[in-house]
Structure formats: C-alpha cells, structure tokens
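This report refers to the structure that appears directly beneath it.
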Amino acid sequence: MFKKLLTTAMAAAFTVAGQANAAEDPVKIGFSISKTGIFAQGAASQMTVYELWRDQIKARGGLDVGGKKRPIKLVWYDDESNPSKVAPIYEKLITDDKVDLLLAPWGTPMHLSVAPVAEKYKFPIVGNTAASVALRQVSPGYIWFPTSMFPDSIASEMAKMLKQQGIKSAAVIANVLPFAQENQKFLIPALEKAGIAVKINEKYPPNISDMTPLLTKVKQANVDAVIVLSYPADSFLYMKQSKEIGISAGFQFLLVGPSIPVFRKAFGDFANGIVTMGHWSPLQKKWWPRAKEFTEAYSKKFNMPPDYLDSALAYMSLEILEQAVAKAGLDKEKLRQVIATDTFETINGPVKFTGVENKLLPTGFLQIQKGDLQIVWPEGMATSKFMKR
Amino acid sequence: MTAAPTTTAPGVTGTWRFPVATLAAGLFAIAVPQVVGSYYVSVALTLCMWIALTQSWTILSGMAGYISLGHVVFYGLGGYVSVVTWQLLPLWVAIPLAGLAAGLFAAIIGAPVLRVRGPYFVILTFGIAELVKYIVINVEATIAQAGRLMFGTPPVTILFYVMLGLAVGATLLAWSVRRSRLGAGLIAIREDEPAAETIGVPVVRYKTYAYILSAVIPGMVGAVMGLRLTYVEVLQLFNPIISFTIVTMAIIGGSDDARGPVLGAGFLLVLSELLWSSLPQLYMVALGTLLVCFVLFAPNGIVGLLARRGGGRR
C-alpha cells in the first residue's frame with residue numbers, strides 16, 4: 001500500500017519534471033510563494049499578478065531579452081508561509097534549477113530572508129511586497145524595494161494629515177506582530193509631537209477573537225481618531241465589532257486589510273470612510289495613465305479588482321525587471337547596474353532606487369469612498385478629499 | 001526494578017552495533033558539504049534537525065508514553081536564546097546555553113505538568129507551548145523589538161556540522177537511556193504507572209529526568225535553527241507545526257526503537273522533497289493519509305514493519 005503510494009507520488013513528480021524538460025529554451029524565472037499556510041490569503045494577490053504578467057508576455061510574443069524575444073517559464077515553489085524555507089528555495093532555484101531571473105516572494109520576512117541569498121550569489125532581485133524600516137538595514141547591492149510604506153514615514157505623514165484635519169485626540173491599538181509594532185513605535189511620538197493627545201495606546205494578540213473590551217475602552221475615550229494597526233484578520237474583526245459597539249470617530253484607520261477587494265465586498269457601505277495605507281489607485285489617471293489598463297486586465301482575468309497595495313507592487317517589480325532585462329539582457333552584473341541606476345516607468349509612476357529604497361514614491365493613504373479606494377494623502381497625489389466617516 | 005526489563009524487548013539492540021553504526025554514519029555525513037550543493041546541505045541540515053528533535057521526543061513520549069504535543073516550546077526557547085544572544089556570545093556558549101535554558105524550563109514546569117496523564121498531558125503541553133509563544137511575543141513587543149534582523153550568521157555548512165553532532169548525540173542519548181535503569185523505569189511507567197510505583201520505580205523523579213533530557217537537545221536544535229533565520233519572527237520559532245511533525249515522524253518511524261526516529265525523519269523528508277516541489281498541496285494530504293494508515297495498520301511504525309518482515313523482533 002505504502003509502496004504503491006510512494007510509486008504514484010514519484011511517478012507524478014517525474015511527469016512534472018518531464019513536462020518541464022519538453023519546453024523549448026525559455027527564460028526560466030523562479031520565485032517562492034506562500035501557497036499554503038498563514039500568508040496564503042495575502043500572497044494570492046501577488047501570485048495572480050505573476051500569472052497575469054506571464055500571459056501578457058506570451059501575448060506580446062515573449063520577453064525582450066536585450067532586443068530578442070524569448071518565451072518565459074515560471075518555476076516556483078511553495079514556502080508554506082515559513083520564512084526559514086525561503087532562503088533554501090532561492091538557493092535551489094539558483095544552483096539546482098539554474099533559473100535566469102528571480103522574482104520576489106511575498107511579505108517582509110520572506111524578503112529579508114532572501115536578501116542574503118541574492119548577495120551571496122550576486123543575483124539581482126527586485127522586491128515588492130515588503131514594508132519595514134528593517135529593509136533599510138539591508139546592504140544595498142542585489143535587492144531593491146519599490147514601496148514607500150516605511151513605518152517612520154507612515155507615522156510622520158499620518159501626524160501631518162491628522163493635524164490638517166483638526167484632530168485633537170486619538171486612540172491607537174496595535175497587533176503585537178512586527179509590522180504593526182514598528183508603526184506603533186514611530187506613530188506615538190509623531191502624534192504627540194503634532195499636539196494630538198494619545199488617550200489610548202494599547203496592544204493586542206495576533207489571533208485576537210474578541211476586541212469588545214478594547215473597543216469599549218476606545219468608545220469611552222471619545223476620541224477624534226481611531227488608529228488600528230492591524231493585520232487582515234483583525235481588520236475584519238474591528239469592522240464587525242466597532243459596528244456593534246458603535247464607534248463613530250470621524251477618522252478610522254486600519255493598517256493592512258482594506259486594500260484587499262474582499263474587504264470592501266464584505267462590508268459594503270459600512271466600509272466607506274475607512275482609511276488605510278497605500279500609494280496607488282487606478283483612479284489617479286493623470287499620474288499613472290497605465291494603472292487603469294493594468295486594473296482592467298487584472299479584473300478581466302480574475303473577475304475581481306487587484307489589491308491596491310500588493311498587486312500594484314508586484315506588477316511594478318515585474319515592470320522594472322522587464323525594462324532592465326530589455327536593456328541589459330540576462331547578465332547578472334549588467335542587470336544589477338541597470339536596476340540600481342536607471343529610472344523605470346511603472347503603473348505607480350517612475351521608480352528610481354537610492355540604495356535599496358525608491359524615493360520617488362510618496363507615502364500616502366487611501367480611503368474607501370463609495371466602494372472604491374481613493375488616494376486622500378498626500379495632497380498633490382490625491383484623487384479625492386478626505387471625508388469624515 | 002525487577003519487573004521492568006521484561007517489557008523492554010521491542011527492538012532494543014543488545015550489542016554495541018547500533019552506536020558504532022550511528023557514529024560511523026555521523027562521520028560519513030561529515031563529507032556531505034563536500035559532495036553536494038548548498039541546497040542539499042540545507043536539506044541534510046533539516047534531516048538532522050528532525051532526527052535530533054524526534055529522538056529527544058521519544059525519551060519522554062516514546063518510553064514513558066507521555067505524549068507531548070508541545071515540544072516546540074523547547075525549540076522556540078532555544079531559538080530565542082540564540083537570537084537574543086547573537087553577536088553577544090560566541091556560538092559555543094550560546095548553543096549549550098540554549099540547551100540549558102530549555103532543560104531548566106522543563107525542570108520547572110515538569111513538576112506540575114507531569115502530574116496529569118493521557119489526553120490531559122497532551123492538551124497541557126500544547127497549551128504551555130502556545131502560552132510561552134504569546135509571552136515571548138509580548139516581551140518582544142514591549143521591548144520594541146518588532147522582528148529582529150540577523151546579520152553575519154554562520155554559513156549553512158557550519159550549522160550543518162553542529163546539527164549533525166546534535167542528531168548523533170540525540171540518537172546515542174535515546175539509545176543509552178533506553179538501555180539504562182532509567183529507560184527500564186520509564187517503560188514500566190508507560191505500561192502501568194501505579195504498578196511501577198508499587199514495585200519501587202521512582203516515578204516522579206524518572207519522569208522529570210526524562211522530561212529534562214528530552215528538552216535539552218531540542219533547545220540546542222532551536223538555537224541552531226534560530227541562526228538559520230535572517231529575520232526572526234517569534235511566531236515562526238514557536239510554530240506548533242514543529243510539534244506535530246515530531247509526533248508524526250515518531251509514529252511513522254516507530255518510537256520504541258532508536259532507529260525509528262531516524263527512519264521516520266528520513267522517510268518523511270524524502271517524501272516531502274519528492275512532493276513539495278511539484279505538488280505542494282498533495283504533500284499535506286499524503287502526510288495525513290500516511291499518518292492515519294500507520295496508526296491503524298502499523299502502530300509500531302517502519303521499525304515495526306521491518307521487524308515483522310524480518311520474521312520477528314531482533
């Protein structure tokens with residue numbers, strides 16, 4: 001019985017390997033993704049973008065490699081949402097699968113795990129869905145981060161925005177997981193410096209199933225702004241329980257979650273007015289004319305809009321890589337030089353890296369208005385004015 | 001102690017063949033980094049990790065029958081010690097310190113925890129691992145260390161050598177405990193605890209010793225794996241999947257013989273390497289199916305199957 005099972009498993013593995021060998025000399029592009037495990041829900045909006053891009057490249061007749069069009073083949077493995085699996089996977093992709101290019105995994109811990117591998121093998125990787133001040137500690141060289149979502153700048157921009165809205169008091173509650181904690185660490189002093197009284201400053205566990213006591217306290221504090229430094233699951237919980245308790249602050253912020261299309265679908269009109277972090281919206285047609293085209297292609301293929309944060313970042317990283325490969329070909333050192341020094345056109349505007357950071361993109365905030373996500377900050381980039389909830 | 005040895009029969013290797021073979025295999029494995037690429041060194045590191053963890057687990061859970069579903073707590077504590085002390089203490093101090101911390105923790109919680117048996121013990125060990133996880137998460141959040149970046153950690157080859165040493169050490173430890181007075185006492189406890197106590201087995205002391213012994217090596221394994229991470233999230237260090245995998249490997253390999261964990265870990269790792277890269281979803285399904293099949297049809301694991309095929313117990 002076990003023999004049989006093992007034989008079947010091995011046969012399946014060999015069939016897949018055999019199919020891979022049959023393809024004609026494509027450019028092999030490798031990555032790891034959290035297909036299973038706790039990050040699977042979030043990583044899905046990145047995987048879909050990789051698939052969309054693969055189809056688009058196919059439709060365009062191949063990837064432009066230094067002037068020559070070549071077919072591409074994605075080689076990927078499931079990292080099971082386990083950051084310690086990411087480095088070995090990328091080592092396997094480089095040394096065993098001998099891929100020509102690498103794409104980024106999903107999320108900050110995964111990016112930070114892969115950075116030393118890129119460095120060791122001198123293999124350039126354009127990152128995407130990572131956001132942490134820790135990224136700046138990565139030595140510049142073979143990995144870059146297009147995001148503008150650094151917790152210190154989120155904190156200072158938020159303080160500016162709240163001050164402009166005439167907000168005098170705030171309640172801050174934060175998940176104890178790293179990204180939320182980084183934000184809390186920078187946000188509290190920034191708010192206090194801006195003269196906003198932080199009446200509640202609390203933390204909650206990552207798998208919180210009842211926020212009622214915390215939210216009751218928030219309601220009693222009667223503040224102008226409620227800032228929830230949340231992950232997707234607790235963003236959903238906040239929405240449900242804040243409705244029951246009747247939190248009515250004019251400014252309500254959730255860190256991660258509202259940009260996922262399902263969020264707006266789940267809460268309908270009640271989601272209107274919720275603010276979240278973000279630096280992209282297809283509604284900003286003047287700044288990013290190609291954003292709409294991407295949104296339409298994505299919606300057509302997957303029957304839902306893209307995630308305004310992760311999908312946009314993932315697509316940006318692909319655009320950067322594609323343009324760099326067109327110029328430099330597949331030579332790693334040339335590719336590295338081009339990525340590090342050129343300016344790239346993306347759906348989120350021009351990208352140019354200074355060290356590991358993309359400083360051309362401002363830190364912004366999105367607000368759900370009439371079921372869509374509008375950029376409400378910074379003012380120059382805004383697609384709509386902030387509206388009190 | 002007179003009654004105990006009669007129950008030690010399953011698979012106990014009566015000669016020195018087993019430790020000699022273990023040491024030889026260990027020496028042979030030293031050559032691994034010279035002959036394979038770095039990816040396969042990390043696979044070998046993972047194999048050694050699982051062998052060390054599962055062997056340690058069998059000291060309490062296999063021999064005394066106290067099934068721990070929270071062994072990750074020792075791994076996590078060890079990992080946390082090595083992460084916190086990284087660049088403050090040299091490796092040769094940090095790793096034993098991690099083992100010591102895990103052993104000390106086992107000694108402290110052993111007294112209350114080992115008072116319960118059966119499903120209560122299973123639930124309690126699981127609960128303690130979760131409790132410690134959240135305590136560490138909160139400590140990290142309070143000292144504003146939201147995820148630590150680890151720079152300049154040792155290369156995988158070095159970590160592999162340390163882990164190989166731990167795997168060999170854990171295997172020899174499990175083997176020698178099984179042959180010792182302590183092992184005989186533990187097996188007596190597993191078969192009938194009140195009877196063992198009546199005939200003079202120091203039940204509480206033996207269980208506590210076994211708990212401590214089964215915790216020290218996982219602490220050191222965690223310390224080594226902590227250095228494999230470049231970005232540390234506490235959730236990963238205390239991932240309950242680690243506890244579940246240990247139990248699965250022990251069941252599949254057979255926990256009543258020091259060869260069992262080696263076979264269980266090896267078998268599951270080969271299976272996962274075969275399926276993981278091509279059919280990731282199927283891997284978990286296959287794992288679940290295998291576990292059910294082993295529990296139903298081969299409760300003594302691969303070792304039991306081999307013994308049956310070999311015409312009886314050796």
Side-chain angles (χ1 to χ4, degrees), chain A residues 1-2 5-6 9-10 12-17 20 35-38 77-78 80-89 91-97 108-117 120 132-134 137-139 151 174-185 203 205-207, chain B residues 36-43 45-46 130 133-134 137-142 144-153 155-156 225-226 228-237 239 241 252 267 270-271 273-284 286 289-290 293-294 297-298 302 305:
Chain A
M1 151 112 213
F2 307 114
L5 192 72
L6 195 64
M10 284 174 78
F14 287 129
T15 316
V16 171
K35 194 77 182 166
T36 55
I38 51 168
Y77 299 106
D78 177 19
E80 297 165 28
S81 303
N82 181 351
S84 61
K85 285 213 162 174
V86 174
I89 290 177
E91 282 180 344
K92 179 175 161 55
L93 287 165
I94 297 168
T95 60
D96 203 36
D97 296 303
T108 307
M110 312 292 183
H111 276 77
L112 291 169
S113 301
V114 87
V117 180
K120 184 177 166 194
S132 161
V133 283
Q137 294 172 40
V138 174
S139 56
N175 191 315
V176 296
L177 291 179
F179 185 56
Q181 282 306 303
E182 269 186 38
N183 275 283
Q184 194 176 26
K185 189 173 121 191
K203 301 179 199 302
N207 59 344
Chain B
V36 297
S38 63
Y39 172 70
Y40 291 99
V41 177
S42 72
V43 173
L45 170 80
T46 314
E130 289 293 292
K133 173 168 87 181
Y134 287 114
I137 286 177
N138 277 303
V139 167
E140 282 284 280
T142 310
Q145 277 286 0
R148 292 163 188 264
L149 264 189
M150 306 275 287
F151 289 109
T153 47
V156 62
M225 292 315 279
R228 243 328 244 167
L229 301 171
T230 39
Y231 180 69
V232 182
E233 267 190 327
V234 177
L235 277 183
Q236 295 297 329
L237 282 177
N239 190 348
I241 300 285
I252 288 180
F267 178 74
V270 168
L271 187 75
E273 281 302 307
L274 277 176
L275 292 181
W276 157 85
S277 53
S278 47
L279 304 159
Q281 275 88 352
L282 194 67
Y283 169 58
M284 294 309 281
T289 314
L290 266 177
C293 290
F294 268 93
F297 307 117
I302 299 175
L305 285 177

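Note on naming: letters A, B, ... go to the chains in the order of the sequence lines (proteins, then strands), and numbering restarts at 1 for each one. Scope of the values below: all heavy atoms of this structure, side chains included, with no hydrogens, waters or symmetry mates.
- With a 4.5 Å cut-off on non-hydrogen atoms, A:Ser113 touches chain B through its backbone and its side chain both.
- Of the two parts of A:Glu80, only the side chain, counted from C-beta on, holds a non-hydrogen atom closer than 4.5 Å to a non-hydrogen atom of chain B.
- Ranking A:Gln184, A:His111, A:Glu91, A:Lys120 against chain B, the residue ahead of the rest is A:Glu91, based on heavy-atom pairs under 4.5 Å.
- Remark: A:Leu93 CG to B:Tyr39 OH distance equals 9.5 Å, nearest 0.5 Å.
- Atoms CD1 and CD, from B:Ile137 and A:Gln181 in turn, are 10.5 Å apart once rounded to the nearest 0.5 Å.
- Using a 4.5 Å cut-off between heavy atoms, B:Asn239 does not touch chain A at all.
- For a residue to count as touching a neighbouring chain, one of its non-hydrogen atoms must lie under 4.5 Å from one of that chain's; by this rule A:Pro88 touches chain B with backbone and side chain alike.
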Exercise for the section: In sequence, state the C-alpha distance, the side-chain angles, and the governing distance for A:Asp96 and B:Tyr40, and then conclude on side-chain contact (heavy atoms from CB on, under 4.5 Å). Expected result: CA-CA 9 Å; A:Asp96 203 36; B:Tyr40 291 99; 3.2 Å; yes
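- A:Asn82 touches chain B through backbone and side chain together, each having a heavy atom under 4.5 Å away.
- Contact between A:Ser81 and B:Gln236 at its shortest, heavy atoms only, is O-NE2, 3.4 Å.
- In this structure the side chain of A:Lys92 never reaches within 4.5 angstrom of the side chain of B:Ser42, judged on heavy atoms.
- At a 4.5 Å heavy-atom cutoff, B:Ile241 makes no contact with chain A through either its backbone or its side chain.
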